[in-house]
Amino acid sequence: MSQTYRLASGGRIDRSKVLNFSFNGKTYQGYAGDTLAAALLANGVDIVGRSFKYSRPRGIIAAGTEEPNAILQIGSSEATQIPNVRATQQALYSGLVATSTNGWPNVNTDVMGILGKVGGSMMPPGFYYKTFMYPKSFWMTYEKYIRKAAGLGRAPLQNDPDSYDYMNQHCDVLIVGAGPAGLAAALAAARSGARVILADEQEEFGGTLLDTRETLDGKPAAEWVAAVVAELEALPDVTLLPRATVNGYHDHNFLTIHERLTDHLGDRAPIGQVRQRVHRVRANRVVLAAGAHERPLVYGNNDLPGNMLAGAVSTYVRRYGVAPGRKLVLSTNNDHAYRAALDWHDAGLQVVAIADARHNPRGSLVEEARAKGIRILTSSAVIESRGSKHVTGARVAAIDTQAHKVTSPGEWLDCDLVATSGGYSPVVHLASHLGGRPVWREDILGFVPGDAPQKRVCVGGINGVYPLADAIADGFEGGARAATEAGFKASVGNVPKTVARKEEATLALFQVPHDKGTARAPKQFVDQQNDVTAAAIELATREGFESVEHVKRYTALGFGTDQGKLGNINGLAIAARSLGIGIPQMGTTMFRPNYTPVTFGAVAGRHCGHLFEPVRFTALHAWHVKNGAEFEDVGQWKRPWYFPKAGEDIHAAVARECKAVRDSVGLLDASTLGKIDIQGPDAREFLNRIYTNAWTKLDVGKARYGLMCKEDGMVFDDGVTACVADNHFIMTTTTGGAARVLQWMELYLQTEWPELKVYFTSVTDHWATMTLSGPNSRKLLSELTDIDMDKEAFPFMTWKEGKVGGVPARVFRISFTGELSYEVNVQANYAMGVLEKIVEAGKKYNLTPYGTETMHVLRAEKGFIIVGQDTDGSMTADDLNMSWCVGRNKPYSWIGLRGMNREDVVRENRKQLVGLKPVDPNVWLPEGAQLVFDPKQPIPMDMVGHVTSSYASNSLGYSFAMGVVKGGLKRMGERVYSPQADGSVIEAEIVSSVFFDPKGERQNV
Amino acid sequence: MLHIFCPHCGELRSEEEFHASGQSHIARPLDPASCSDQEWGEYMFFRDNPRGIHHELWDHVAGCRQYFNVTRDTVTYEILETYKIGEKPQVTAADKQEAAPVIAKGQGEKV
Amino acid sequence: MQRYSGFGLFKHSLSHHENWQRMWRTPTPKKVYDVIIVGGGGHGLATAYYLAKEHGITNVAVIEKGYLGGGNTARNTTIVRSNYLWDESAHLYEHAMKLWEGLSQDLNYNVMFSQRGVYNLCHTLQDIRDSERRVSANRLNGVDGELLNTAQVAAEIPYLDCSKNTRYPILGATVQRRGGVARHDAVAWGFARAADALGVDLIQQTEVTGFRKENGAVIGVETNKGFIGAKRVGVVTAGNSGHMAKLAGFRLPLESHPLQALVSEPIKPIIDSVIMSNAVHGYISQSDKGDLVIGAGIDGWVGYGQRGSYPVIEHTLQAIVEMFPNLSRVRMNRQWGGIVDTSPDACPIISKTPVKNLFFNCGWGTGGFKATPGSGNVFAASLAKGEMHPLAAPFSMDRFYNGALIDEHGAAAVAH
Amino acid sequence: MSAINVYQQNPGADAKAQSPLHHADLASLVGKGRNNAGVTLREKKFLGHLTLRGDGHDQAFAGGVHKALGLELPVALTVVANGDTSLQWVGPDEWLLIVPGGQEFAVEQKLREALDGQHIQIVNVSGGQSLLELRGPNVREVLMKSTSYDVHPNNFPVGKAVGTVFAKSQLVIRRTGEDTWELVVRRSFSDYWWLWLQDASAEYGLAIEA
């Protein structure tokens, strides 16, 4: 039998489009326009899950975002699994595959359910804090089983085939919610010419108008919706976003909207389409028209399938043409919920009775029910329902809400559906995301948004404005006000006519009393997803948890994926009564984004995989790729690490590259170094202030190495700066430090020394830099340039201009390898041409491209530091044995000078950079290894330093390292030891950090 | 995400374009050598860190690359004014105490 | 104190849990205490507990402006580890780790300390160097630590993308197997209950508005409910330390920044340990309830709003999806923020102050939760004796004058 | 010797040159892709790019610039053009001057002559950046996916130029026509932008022009 519970007519579904879907392995049919929940109910599926703590059977209770139970796993393939989808928000599509997330072997016969019944009484809130402590070593074992029971759905085990992106939006007015108030607000704002965005979480706009009994101007309300939407669609600056939930209200009117573009089509987006999109909206004004959620009453066994919100009953009947039962009992404390009974009655179904907690209700809807002959029991409520897997009866008894007592034995009514309504809670979430505390209104028995500094307007149900005409009028007024405040001339629209009705006040009733008292009554659930009962909340307050946050945290109230949309107010009310205080004194917990859950991928957007972060390439990158380079990530750059030839590993390649440089000539792409063009009459003075050493006397044509410190005296960058004209310098920085150094220089120039006449411009990308290093570098370069390469004409630490390979170049004779070296800089567009000429000419010299690894070995043999490797932000120039680079007598107190003279910084015995020579020349000291003087001491050992750089050198014939050692500079020749993880100890001699060519003869040729 | 008025670009821009650089108006001592360790430590590390009105330095890194000052409430995150280096704040913690509640002036306006 | 056990739970179930005692009293403040602790978070409650338990000082009040454990204790991502680089911090955090290892039994309150292992991923060659340096230091300090290569990481952490195709391929990881997570609220409640049982007064909903001084020494605190005298005062008010210092008349080398975190919806177990990456910038674990618990770095500006900017959340989830591409379809349930007091060297300040008998314990930055028992333990000893405990001494405020910083971000760059 | 080193860095048209997007081989993609593409991309390569720094409030500076270029100094967030020469405000003391390729040296000399004696900076950055022109009805959507700056015509009229964030990096966006925009991109990031723009425009169709 198919769709047993589908009504013969009615609803907004398309009965001509039958859709097959499966739930827990069984195939069912529904219609286009159904939600998954509606289709399940149409097929009489009662149990959609098992509760996580007590394993109780659970059914669908709501029709929208507030649903706590129908949390299903969706996905027809491993890669497209989606955990925790609310069946009430999932549009039905053909081929949808859904399963329950808990229950073993299945939700209908769940073995854990028996355990839940027996063990449940031993699981009050916080029970795990009180047990599983002994024996001490057993917690991890206990926890293994606890974890197994945890969670709802499951993550896919394969990578997501879908993509997600962002759209940055700006608007004058963003309207949240397209119900009656939101539509009216959008209309008023849009007609003024304002840029408007209207977003709603549902499949179509209209909100409650899609299932209301009311008429607008005498016509079905949905017709008004269609007309409004059509008018909005025709306006140029209006963006309409259905299936789009505004999830976060962030500072300065920045809001995020999660739009589900294809989830109604399938679990995987059609090829070429983005599955979901996050709109990042900056709104001048925000109109919150989020409406209100109906609250259930809290009574015994209120979690049994067949207990449902009254409004949800109406929605299923009127919007989806589904009757989730045959015989209805309604339990209410307000007029509005009578709609459910009337809709049920109009659908030709039996209303067994209405239990109204109020003494003498006389509102229009009440009278309408009376007129239809529906039995109404006043001063009464459903105090418990019964049934093993579905409601078979409800016990209605007279109650005294003031005394919180049952005053009659009551009677059991046969029914299969209990509709419940405890009043309405305005959806204040977004209004409260920025910390604005909502305010309790006794007249509507709900929290409404409090004052907030945000530029926003609240309209309709969120304000407690419930009657339809009032909500529309409020929407028009609020939309017009928002647009006016945003600078537009706006006016309100015409409110369509509604039927005037008398509506009486809601009675304050949250937890329904039970004759056995809360602790002994059948479980009265407050938060069904977290299995939090009224008894649990009472227990929490009894144990001293008096603040609302404490109650929440101790019981887990509101921690579910529904974030307590149904349960929170009831929980507050129960805690307040238990503590003998009022609800406003109790206050609410904090509201935080998200309003409803958002896919990780959507939050991440396109910034994944190859677009995770920019990759920066030099102008010569293609050549490196062609020549087989392996790359190293340095900041965002890809730098050639080494260039292996066939069959070579990194060691063989680096050994070959090193030898080539020492014996003949090597080529390094140094383009990634930061380069800053500095011009101005005060350029020299500026350099004096930011470098540790002196720049006053650097002649035009010369270059100099410099160290930079922060105010604390610790080294933070270094590089060579050349004087290219009297008021003109080219500075180089480390690859990783380029942006940081420029920003830091601008900071001092703009905020400390604005009187200095100097400008900085980054030229990192403009110049490509090729380093030729090795004894044959001069010969090779001579073949390609018109520069006089004579050793006297072009001495060390100078630069020349001239053509290289026919391209104008600046050539710097500086060296980071200890060999004769030239850095050739050309305009980057021409770099590849120059490189090709160099490579061609270099063949006869065995010109060998080398990468960062070889560069590191060669510079370490010379004792040259790498900032960030041999330093760590706690090293001064003195610590690095670079006092030669500190101009202590410069007239201006340059950055770092004062810092390096502090008490602890001038202390003897600081860690100092030295060379380390393993006693066994074949042993390599791991980089990072800690050093001790006495390897036999007990743990904790007195560590005296660590290895910063370490290499197996083929030039030297032994392995060597650099490292820092306490007082190391005065300990030359002494031994240090490095105890290794495997128990071995590496012994090393403290030596000078210059291992190779200490007199610098090789570059002085 | 904050919305910050760059006094040089003359527009409100998203926080993503900026880099926060800590408390502003911390002048480097003119004669560091005469500072005690304590005074130098105060200059480098000690900050007002107020709950409430805070004058801070921001850098419009993605835009005009200029540093400028922002007066911001560190509790509500409201920006009360932005102003160029060398200028003085119009809103201070003292004003705020006298004339509470202060109307947010200046956000989105040139100062 | 009513002792908790599985049997007790059973007994109470027979009486429908109607007879559980309060976990702590709601006392009326006395006129004067031997020690007042300002701040009823984890650290403050631990301090009070150890004062009473280890030093016999029970005439102690904890004054909390809101509710117990309601600040960063309630807002952190509960990671516990002790694999710090420098000796001073490694010793302090390892002291805490040892206390964690017996804490549930000591407090008779299950804080669910779960030693699931904490991994720090390496993505660059410098990461590897820094990790070797840290692990090597840990080992020689008696702190467990291992450096794993890519293949080992891939074998130990299912679903982590260890391929070479990622933007920053994983080159290895360190692991501290004794590290893990604990149940944050339980830590505060467990210390509170145990301290209360030893006679400590826990005074909630009471805000300290000033410090009364005589001859340069503190003699008590002004509160919104009146003056309370004290011989010594310890301030442990993370997120509020600068404000407290201002009330006491001095400044601190701190800035208070928002630190954000988020959780997914609960899902079946898929992440078994704690995995952190500095380079990609995010970290993740999974709670016993099934939530993926995720965090990243701080916002760059001072903020007391317990919220930060949205791009931080975006960057964090980009990092998570980059590390675990299969989690892309999981959904974020909730995000929130705490206020972290960051110090220039990413290490705490446990110190005497310019005001005699007034002690501060602050500046734990993003990493305070893991230190909770150790911090309380050494702070209690310092308050009891009036002299800083040897493990606390290096964390004196003086270091910001003389330059003896303990630069944990400079070297190891481990944020949490 | 002059206080500033002004250097002809351009070897002339005969030298082999590779633009930042050389590796993408855009020429081979011309005519491929969807008909009526929503976005058309063109690399405007090998132009002369000069960074100009000076005091915008100084009449002498503005006068000198006008004398050399025939252009008024543009005010904040605008670009002015004269034929193939455009001058864009970048910051209160910074402008971007773009001239036909090969003219950068001559123009720098001319500017320096006109601004002689003033504290200025002129830097040839032609090798470090390039212009990507985007044209078509869906460029706005592509920009909206990429930057949090408001690109609605109300806020971004023709002639406006802003430095802003773009995906995970930063660049300058210039609106040069009703549906024509230019991105000023740095060489080292150009591959990232190329990948990004292909991705962001995929749903609208991307055409390449040489």
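Each chain gets a letter, A, B and so on, in the order the sequences are listed, and its residues count up from 1.
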Greatest number of heavy atom pairs closer than 4.5 Å to chain A - which of C:Arg129, C:Arg25, C:Glu132: C:Arg129

Let me know if [X] has heavy atoms under 4.5 Å from chain A in its side chain, its backbone, both or neither.
X	value
C:Glu146	neither
C:Arg183	side chain
C:His315	neither
C:Asp288	both
C:Ile270	side chain
C:Leu202	neither
C:Ile313	both
C:Tyr168	both
C:Thr124	side chain
C:Ser287	backbone
C:Asp87	side chain
C:Gln21	backbone
C:Phe7	neither
C:Lys164	side chain

Expected output: side-chain C:Lys268 to main-chain A:Gly151 donor-acceptor under 3.5 Å: yes

Any donor-acceptor pair under 3.5 Å from A:Glu613 side chain to C:Arg167 backbone: no

Side chain, backbone, both or neither: which part of [X] has an atom under 4.5 Å from a heavy atom of chain C?
X	answer
A:Tyr595	neither
A:Asp251	side chain
A:Leu611	neither
A:Val634	neither

Does the side chain of [X] reach to within under 4.5 Å of the side chain of [Y], using non-hydrogen atoms?
X	Y	answer
C:Phe113	A:Glu143	no
C:Met332	A:Val603	yes
A:Val598	C:Arg331	no
A:Phe600	C:Leu292	yes
C:Arg22	A:Arg542	no
A:Pro597	C:Val330	no
C:Trp86	A:Ser874	yes

Intermediate values then yes/no, side-chain hydrogen bond (donor to acceptor under 3.5 Å, both in side chains), A:Tyr129 and C:Asn108: CA-CA 9 Å; A:Tyr129 304 132; C:Asn108 179 235; over 6 Å; no

Output field: ring centroids A:Phe545/C:Trp24 closer than 6.0 Å: yes

Heavy-atom pair of closest approach, residues C:Gln115 and A:Met140: N-SD, 3.4 Å

Chi angles and distances behind the side-chain hydrogen bond (donor to acceptor under 3.5 Å, both in side chains) call for A:Arg592, C:Gln335: CA-CA 6 Å; A:Arg592 288 292 186 227; C:Gln335 64 167 92; over 6 Å; no

